[in-house]
Enquirer: 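Structure below; questions to follow.
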Amino acid sequence: GRLCVSCNTGFASAWLCQHINAFMTLHPQVQFHLISPRTPADTSASEADIFIAYGTGDWPNLQVMPLTD
């Protein structure tokens, strides 16, 4: 399969880059794609499977799970 994650460059470089290798080791069959949104709260990329975004969580038609307060 394929997994496309949308997150801002700060999160990608500070956290995601440190953990993506472990994910890829556990799931070598997954094609991983990372895209950067136009703004930190942008959830408009139709190709993204997961959005890691900043905001209040008020995104209609999306399942929201807070990562932190």
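Only a predicted model underlies this, so the values are computations on that prediction, with no experimental measurement involved. Note: hydrogens, waters and symmetry copies are ignored here, and every other heavy atom, side chains too, is used.
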Enquirer: Quick one: CD on Gln63 to CD1 on Ile50, what's the gap to the nearest 0.5 Å?
Expert: 10.5 Å
Enquirer: Quick one: CZ on Phe51 to OG on Ser44, what's the gap to the nearest 0.5 Å?
Expert: 7.0 Å
Enquirer: Consider only side-chain heavy atoms of I, L, V, M, F, W and Y, link residues closer than 4.5 Å, and tell whether Ile52 and Leu62 are in one cluster.
Expert: no
Enquirer: Find the distance between CZ (Phe11) and CG (Leu67) and round it off to the nearest 0.5 Å.
Expert: 6.0 Å
Enquirer: Check whether any side-chain heavy atom of Ser6 lies under 4.5 Å from a side-chain heavy atom of Thr43, and answer yes or no.
Expert: no
Enquirer: Do the ring centers of His19 and Phe23 come within less than 6.0 Å of each other?
Expert: no
Enquirer: Is Trp15 reachable from Phe32 through a run of I, L, V, M, F, W or Y residues, each pair having side-chain heavy atoms under 4.5 Å apart?
Expert: yes
Enquirer: Compare every heavy atom of Arg2 with every heavy atom of His33, then report the nearest pair and how far apart it is.
Expert: CD2-CG, 3.7 Å
Enquirer: Considering non-hydrogen atoms only, spot the tightest contact between Pro28 and Thr25 and give its length.
Expert: CD-O, 3.6 Å
Enquirer: Passes side chain to side chain donor-acceptor pair (under 3.5 Å), Asp58 versus Thr56? Steps please.
Expert: CA-CA 6 Å; Asp58 184 25; Thr56 60; 5.3 Å; no
Enquirer: To the closest 0.5 Å, what do you measure between CD (Gln29) and CE (Met24)?
Expert: 8.0 Å
Enquirer: Taking all heavy atoms of Asn8 and all of Pro37, pick out the closest pair and write down the distance.
Expert: N-CD, 3.8 Å
Enquirer: If every non-hydrogen atom of Cys7 is compared with every non-hydrogen atom of Ala12, which pair is closest and at what distance?
Expert: SG-CB, 3.8 Å
Enquirer: Considering the options Ile35, Asp49, Leu34, which one meets the side chain to side chain contact (heavy atoms under 4.5 Å, CB included) requirement together with Val5?
Expert: Leu34
